[in-house]
Amino acid sequence: MDNIQAIRGTKDILPSEVIYWQHLEKTASKILEKANYHEIRTPIFEQTPLFERGIGEATDVVGKEMYTFTDRGDRSITLRPEGTAGVVRSYIQHKLFASGGIDRLWYSGAMFRYERPQAGRQRQFHQIGLELLGSRAARADVEVIAIATDILKALGLKNLSLQLNSVGSKEDRQTYRQALVNYFTPYQNDLDTDSQDRLTRNPLRILDSKDQKTQEIAKNAPNILDFLQDDSRSHFDKVCTLLTDLGILYELNPRLVRGLDYYTHTAFEIISEDLGAQATVCGGGRYDGLVTQLGGVETPAIGWAMGMERLILLLEQLQPLKPQSPDIYFVSRGEKAENQALVMAQNLRQHGFKVELDLSGSNFAKQFKRGDRSGAKICLVLGDSEVETGIIQVKNLENAEQKTVSQDQLLEILSLSL
RNA sequence: GCGAGCGUAGCCAAGUGGUUAAGGCAGUGGUUUGUGGUACCGCCAUUCGUGGGUUCGAGCCCCAUCGUUCGCCCCA
């Protein structure tokens, strides 16, 4: 095929689908603003080292999924694969911490990951996410999770489950990691090949393996929760009780591991039963070390991101949304009438009516047909005779009643019938 | 990066080696040249993603390539 088409893994969002996006954006932003989160918009590309340092060199995202290129100034540039690193960079650069206290930020936009597309996964995809910077409190973790569940509830989504875990402090994780290596090494040859590889690269991931034999072995592996120091443990316990107090159901999942290196303590995912293999609809956690790691003053923080395409997949299963119809379909015939209709349509719009003007120049029958299909309630008809006598026909397309009114009275009549 | 399936009009498709490529929706023209929603009639793929091969003959078989879908890996 030599026609140019959208790049693999990217998608046009056509008008029939945009309605869902608008619905999602409106619902989410309303809830975010109510919790006094403020929208931030950061660039879609950044210097490559931001992601390498922030997300972690060893992660798959950095290792094999980034869209990286050299620009004309010989700088290495990367299309953002996720939102947090850029927001934190901006937070540090503009010294937002200097304004004191706690920052609540949210964002939405396109992210890029070079992966094989499949159900619920694209190379350019969209996330809506939030970051709460400056609080170590368990209440912060819970606030953030509660906002996520609020949004999903407001969207009317069902069959979701909140998976919760703590990956502890950096030190906790270090000792746990060693314990896992010690546990799995004797079984090395019985693990699936992916997991053998993970033994050195990222042993926590082995717990997640879909291979049956590996699962069998992992059953008796040490549990991260047993490796938490006292303060990590009590933080996590608080998060759990506060969630329960708020009536938010969760499932403890000690095998939940997040893919980016910066996570500490609380980690969570919200999973849908109604998607394919890519079922995570929201993922997030605490990242107390990231701000310092990127050169800012020590700032504890927590955030999450939702995959908008995945949410939309669910919304489409839920209820069909249709594009809005015009209030008025304006039909005209003859040069004078056509020109006058243009002027009148413009005037009606300024008075708040949604009006579509038929530009086809075809006969009235055809124009009416189109008007009918447009879904408009009212059809305005202007022809030569109306122009001469200063009147206009107002036809109700639902009951076929047609009135002749003077053009001066048109606005009045329309506001009564719409 | 690996594995499997699929690719016929704007959309949904029938067709599985024999020559004119069903059907439906949508569109469009007409019956009805100042009045829609129904009905009826007409039109709407010299061509089956692309390139090559096998064959007397290919949408149908083979190879390559591109795209797409689903899964693995990974993640939102």
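Order of the sequence lines fixes the chain letters, A, B, ..., with proteins taken first and strands second; residue numbering starts at 1 for each chain.
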Atom pair distance, as rounded to whole Å: CD in A/Gln5 and C1' in B/U65: 13 Å

Ring-on-base stacking B/U35 with A/Phe364 (under 5.5 Å, under 30°): no

Opposite nucleotide pairing with B/A39, Watson-Crick or G-U, both atom distances under 3.5 Å: B/U31

Any N/O donor-acceptor pair, A/Lys395 side-chain to B/G36 base, under 3.5 Å: yes

A/Asp372 CG to B/G36 C1', straight-line distance once rounded to whole Å: 5 Å

Watson-Crick or G-U counterpart of B/U54, or none if no pair lies under 3.5 Å: none

A/Arg89 side chain to A/Thr42 side chain, donor-acceptor N/O pair below 3.5 angstrom: no

Sugar-phosphate or base contact per nucleotide [nucleotides 69-76 of chain B; S, B, -; heavy atom under 4.0 Å]: -SBBBBBB

A/Lys11 vs A/Glu309, salt bridge (Lys or Arg N to Asp or Glu O under 4.0 Å): CA-CA, chis, key distance, verdict: CA-CA 10 Å; A/Lys11 251 184 184 163; A/Glu309 279 79 2; over 6 Å; no

Whole-Å P distance, B/U31 and B/A9: 32 Å

Same-atom distance (C1') from B/U50 to B/G7, integer angstrom: 11 Å

Distance below 4.0 Å between A/Lys366 side-chain N/O and B/U28 OP1 or OP2: no

Side-chain donor-acceptor pair present, A/Asp192, A/Ser209, cut-off under 3.5 Å: yes

Whichever of A/Gln393 and A/Thr10 has its nearest RNA chain B nucleotide further upstream toward 5': A/Gln393

Base-pairing mate for B/U68 - Watson-Crick or G-U, with both contacts under 3.5 Å: B/G5

Contact list for residues 48-67 of chain A, test side-chain hydrogen bond (donor to acceptor under 3.5 Å, both in side chains), sequence neighbours left out: A/Thr48-A/Ser76, A/Thr48-A/Thr78, A/Asp60-A/Lys64

Presence of salt bridge, A/Arg258 and A/Glu269, under 4.0 angstrom: yes

Side chains of residues 281-291 of chain A: which donor-acceptor partners sit under 3.5 Å, not counting sequence neighbours?
residue  : atom : partner  : partner atom : Å
A/Arg286 : NE   : A/Asp141 : OD1          : 3.1
A/Arg286 : NE   : A/Asp141 : OD2          : 3.2
A/Arg286 : NH1  : A/Ser135 : O            : 3.1
A/Arg286 : NH1  : A/Asp288 : OD1          : 2.8
A/Arg286 : NH2  : A/Ser135 : O            : 3.1
A/Arg286 : NH2  : A/Ala137 : O            : 3.3
A/Arg286 : NH2  : A/Asp141 : OD1          : 2.6
A/Tyr287 : OH   : A/Glu131 : OE1          : 2.5
A/Asp288 : OD1  : A/Ala301 : N            : 3.2

Give each protein N/O atom lying under 3.5 Å from an N/O atom of nucleotides 24-27 of chain B, with the pair distance.
residue : atom : partner  : partner atom : Å
B/G27   : OP1  : A/Arg373 : NH1          : 2.6

Between C1' of B/G36 and CG of A/Leu380, the distance in whole Å: 15 Å

Separation of B/U35 C1' from A/Leu397 CG (nearest whole Å): 10 Å

Let me have the donor-acceptor pairs involving side chains of residues 377-386 of chain A, under 3.5 Å, with sequence neighbours excluded, atom names and distances please.
residue  : atom : partner  : partner atom : Å
A/Glu386 : OE1  : A/Gly383 : N            : 2.9
A/Glu386 : OE2  : A/Gln393 : NE2          : 3.0

For A/Gln350, all residues meeting side-chain contact (heavy atoms from CB on, under 4.5 Å), sequence neighbours excluded: A/Gln346, A/Asn347

Donor + acceptor pair across side chains of A/Thr10, A/Gln124 (<3.5 Å): no

Atom C1', compared across B/C6 and B/A13: separation rounded to whole Å: 14 Å

Nearest-angstrom distance from the residue atom NZ of A/Lys369 to P of B/U33: 13 Å

Distance, rounded to the nearest Å, where A/Asp192 contributes CG and B/G3 contributes C1': 15 Å

Spacing of the P atoms in B/G1 and B/U65 (rounded, Å): 13 Å

Nearest-Å distance once atom P is located in both B/G36 and B/U69: 43 Å

A/Glu386 CD to B/G34 C1', straight-line distance once rounded to whole Å: 8 Å

B/C63 and B/G5, which share atom name P, separated by this distance in whole Å: 11 Å

A/Gln402 (side chain) and B/U35 (base): donor-acceptor pair under 3.5 Å: yes

A/Leu160/A/Asp274 under side chain to side chain contact (heavy atoms under 4.5 Å, CB included): CA gap, chis, key distance, verdict: CA-CA 9 Å; A/Leu160 300 171; A/Asp274 304 326; over 6 Å; no

CZ/A/Arg349: more than 12 non-hydrogen atoms of other groups inside 6.0 Å: yes

Span that lies between the C1' atom of B/C70 and that of B/G51, in whole angstrom: 27 Å

Nucleotide paired to B/C60 in any strand shown, Watson-Crick or G-U, under 3.5 Å: none

Pairwise C1' distance, B/U19 and B/G30 [rounded to whole Å]: 35 Å

Distance in angstrom units between A/Asn363 CG and B/U28 P, rounded: 12 Å

